[in-house]
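Here is the structure we will look at, set down as structure tokens.
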Amino acid sequence: MAFPILSAQEAAELIKNGDNIGLSGFTASGSPKVITEALAAKAVKEHEAGRPFKVSVFTGASTNNHADGALARANAIARRTPYQNTPDLRLRINSHDCHYFDLHLSELAQKFRYNTYGELDWAILEVAKVFENGEVVLGTGVGNVPTYAAKAKKIFLELNTKLPEGLYGLHDIYMPLDPPHRREIPIYTPSDRIGHPTVKIDPSKIAGIIHSDAYDGIKGFTALDDTTLQIGANVCNFLIGEVRAQRIPQEFLPIQSGVGNVANAVLFGLGDAKELPPFAMYTEVIQDAVIDLMRMGRCKFGSTCSLTLSDAKEAEVLDDLDFFRDKIVIRPAEISNSPEVIRRLGVIAMNTALEADIFGNINSTHVVGTRMMNGIGGSGDFTRNGYLSIFSCPSITKGGLISNIVPMCSHIDHTEHSVDVIITEQGVADIRGLDPVQRAERIIDNCAHPMYKELLRDYLKLGKGGQTPHHLAASLGFHTAFQNTGDMRLTDWSQYA
Ligand code: 0RQ
């Protein structure tokens, strides 16, 4: 069947104000690029003509500057979920121009199959190859494509000529049955393949193929500094100790690692931690550092939802796919992040906190409890279900104006029940088996920055008892001081005494 070839503008013209759109990809990888930019340009024209134009955008995780970035700048996003991380969209979300709701990444596909958020008018999917029967080979990120392709009324395919057809075989496309008919997802080791290398699309739904040759535009990470290097070393030393103590099996367990600079530093540390055996990853994102670990033989296999690589690293991988073919599988988000599989495999979950409180709760998403940063992403899927759940972050931010260890988190994404270990450049607080006061003492002693230790100890003395001895009025004292003075060090407990 010959599918119509459209320009990005022709495709955008078919999308109407109020439509629901599902995008391919997971992080910037595999997200569409040219139709979303044309859609943003259309929105600008519509707004200039005095007409409303906004669409609801559903994705796998964050996207890229061509999608979230362009659409947010055009104020063209009515509703958005799940994870995002472009500065322009962050501004729209925090000013309520865009109605964003934050969700565990593993949950979105199922919710769409039950029409929780309404019907999907369009799916826009970046692909590496289209077969005549409508089957497609995806790019470097899968996200929720199988579900969006099945549910969308109409589909645009962005055929990216930069993506080699050799990507065929890297994906493992599998859609689980839904409740009440659900059965186990039969993954017993990270490298198990249970699905199909392509996504099968009903050819009658393909509204057009649009050519593209754009890169994902992912920047390299901030250079490692003393703080992030020390965090990475602390994580690795902790894991080595756990293997020695036989709390982790000698053959080790699969690793999940989050996104960002801190996660990158942790992965870097694993390259040097030769006492740990070569390991597999069961994760949602493979970053640059993992590719280097594969070259070094330290990471032997990576199950992921995306290859979130800088443009240079992506070119390196795409040019050498034969080396990576038996080392990588790219899965849909509901499989890469499946609570069932994560629990079965015994994944070691390593994610980054914006702030941790002295009782072991974690804020991953809200700056000073109010401004959305990125979203919970997959951190909850992995933390809640992991064999061992670790959070790391620097002990201070902005030169010490902010302590990342606080009396009470200003927003909580991960509760004390799911968090096993907190690690900063100062040290490691293993809080398993401790009561709240014991946890607080260990986190302050081992993780807080010296400039904040006394303030935190004094807070603990303010409480009037109870198992978790908060002083409720003072519990957000660090954040209040920051809002009033710009410096958490100026917290004055005497006003609460
Ligand atoms: O701001 O860029 O202005 O300097 O937050 O902080 O230290 O560079 O950390 O890049 O590792 O990101 C939690 C956001 C950390 C990320 C978060 C400021 C700090 C800096 C970034 P600047 P760093 P990272 C897998 C799992 C949730 C989702 C998740 C994240 C910026 O890891 O989004 O884990 N996680 N998904 O200065 C105010 C604080 C702060 C603060 C840091 N307490 N208050 N600002 N910053 N702490 C992936 C997916 O799910 C797809």
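Note that ligands are numbered from 1 as they come in the structure, with each ligand's atoms numbered from 1 the same way.
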Checklist entry - Looking only at N/O atoms, are E355 and ligand 1 under 3.5 Å apart anywhere? => result no

Next on the checklist: Here's a test for you: under side-chain contact (heavy atoms from CB on, under 4.5 Å), which of N234, L239, V428, V235 qualifies with V421?
Outcome noted: V428

Checklist entry - Can you list the steps and then say if D288 with K313 is a salt bridge (charged side-chain N to carboxylate O under 4.0 Å, His left out)? => result CA-CA 6 Å; D288 284 13; K313 194 58 88 178; 5.8 Å; no

Next on the checklist: Can you report which non-hydrogen protein atom sits closest to atom 9 (O) of ligand 1, along with the distance?
Outcome noted: V262 CG2, 4.1 Å

Checklist entry - Is K33 salt-bridged to E158, going by a charged N under 4.0 Å from an acidic O? => result no

Checklist entry - Evaluating non-hydrogen atoms only, which member of N404, T365, D413 is closest to atom 47 (N) of ligand 1? => result N404

Next on the checklist: Show me which atoms of ligand 1 lie under 4.0 Å from any heavy atom of I376.
Outcome noted: 28 (C), 29 (C), 36 (N)

Item to check | Salt-bridge criterion met for R457 and D445 (N-O under 4.0 Å) | outcome: yes

Checklist entry - Which part of V368 is near ligand 1, with near meaning a heavy atom under 4.0 Å away: side chain, backbone, both or neither? => result neither

Checklist entry - So among S403, S410, S364, C393, which one has a side-chain contact (heavy atoms from CB on, under 4.5 Å) with E355? => result S410

Checklist entry - Has F268 got more than 12 heavy atoms of other residues, nucleotides or ligands less than 6.0 Å from its CZ? => result no

Checklist entry - Taking non-hydrogen atoms only, is F382 closer than 4.0 angstrom to ligand 1 via side chain, backbone, both or neither? => result neither

Item to check | Value rounded to 0.5 Å, distance of CG in L307 from CD1 in I330 | outcome: 4.0 Å

Checklist entry - What's the verdict on salt bridge (charged side-chain N to carboxylate O under 4.0 Å, His left out) for R182 and E340, showing C-alpha distance, side-chain angles and the deciding distance? => result CA-CA 12 Å; R182 176 154 288 163; E340 171 203 338; over 6 Å; no

Checklist outcome for this item: Checking heavy atoms under 4.0 Å, the part of V367 that sits near ligand 1 is side chain

Checklist entry - How far is atom 42 (C) of ligand 1 from its nearest protein heavy atom, and which residue and atom name does that atom have? => result L354 CD2, 3.6 Å

Checklist outcome for this item: atom 37 (O) of ligand 1 sits nearest the protein heavy atom T397 CG2, 3.1 Å

Next on the checklist: Are there over 12 heavy-atom neighbours, none belonging to R384, within less than 6.0 Å of that residue's CZ?
Outcome noted: no

Checklist outcome for this item: the protein heavy atom lying closest to atom 15 (C) of ligand 1 turns out to be T352 CG2, 3.8 Å

Checklist entry - Using heavy atoms and a threshold below 4.0 Å, how should the contact between N261 and ligand 1 be classified: side chain, backbone, both, or neither? => result both

Checklist entry - Among all protein non-hydrogen atoms, which one is nearest to atom 50 (O) of ligand 1, and what is the separation to 0.1 Å? => result G378 N, 2.8 Å

Checklist entry - Given the rule in the salt bridge (charged side-chain N to carboxylate O under 4.0 Å, His left out) test, do D420 and R432 qualify, once you have shown the distances and angles that lead to the verdict? => result CA-CA 5 Å; D420 294 319; R432 292 172 293 180; 5.2 Å; no

Next on the checklist: As a check for students: among E284, H414, K398, identify the option with a heavy atom nearest to atom 25 (C) of ligand 1.
Outcome noted: E284

Checklist outcome for this item: Logged contact type for N351 with ligand 1, heavy-atom cut-off 4.0 Å, is side chain

Checklist entry - Under 3.5 Å, is there a donor-acceptor pair between the side chain of S31 and the main chain of T27? => result yes

Next on the checklist: Is atom 28 (C) of ligand 1 near the protein, in the sense that some protein heavy atom lies at less than 4.0 Å from it?
Outcome noted: yes

Next on the checklist: With heavy-atom distances below 4.0 Å as the criterion, list the atoms of ligand 1 near G377.
Outcome noted: 50 (O)

Checklist entry - N374 to ligand 1: N or O pair under 3.5 Å? => result yes

Next on the checklist: Please report whether ligand 1 has a polar contact with S403, defined as an N or O pair separated by less than 3.5 Å (distance criterion only).
Outcome noted: no

Item to check | For M373, the ligand 1 atoms whose distance to one of its heavy atoms is below 4.0 Å | outcome: 5 (O), 14 (C), 21 (C), 31 (C)

Checklist outcome for this item: closest protein heavy atom to atom 34 (O) of ligand 1 is S379 CB, 3.4 Å

Checklist entry - Within the side chain of S24, is there an N or O that forms a donor-acceptor pair under 3.5 Å with the backbone of V145? => result no

Next on the checklist: Walk me through whether K461 and D458 qualify under salt bridge (charged side-chain N to carboxylate O under 4.0 Å, His left out).
Outcome noted: CA-CA 5 Å; K461 290 179 206 150; D458 289 345; 3.4 Å; yes

Checklist entry - What do you reckon, does G375 put a non-hydrogen atom under 4.0 Å from ligand 1? => result yes

Checklist entry - For atom 45 (N) of ligand 1, which candidate among I402, T27, V266, I405 holds the nearest heavy atom? => result I402

Checklist entry - On the ring face of Y215, is K162 found with NZ or CZ under 6.0 Å from the centre and within 45° of the axis? => result yes

Next on the checklist: Need the ligand 1 atom indices (1-based, order shown) with element for anything under 4.0 Å from a heavy-atom of L105.
Outcome noted: 50 (O)

Next on the checklist: Protein heavy atoms near atom 20 (C) of ligand 1, is at least one of them under 4.0 angstrom away?
Outcome noted: no

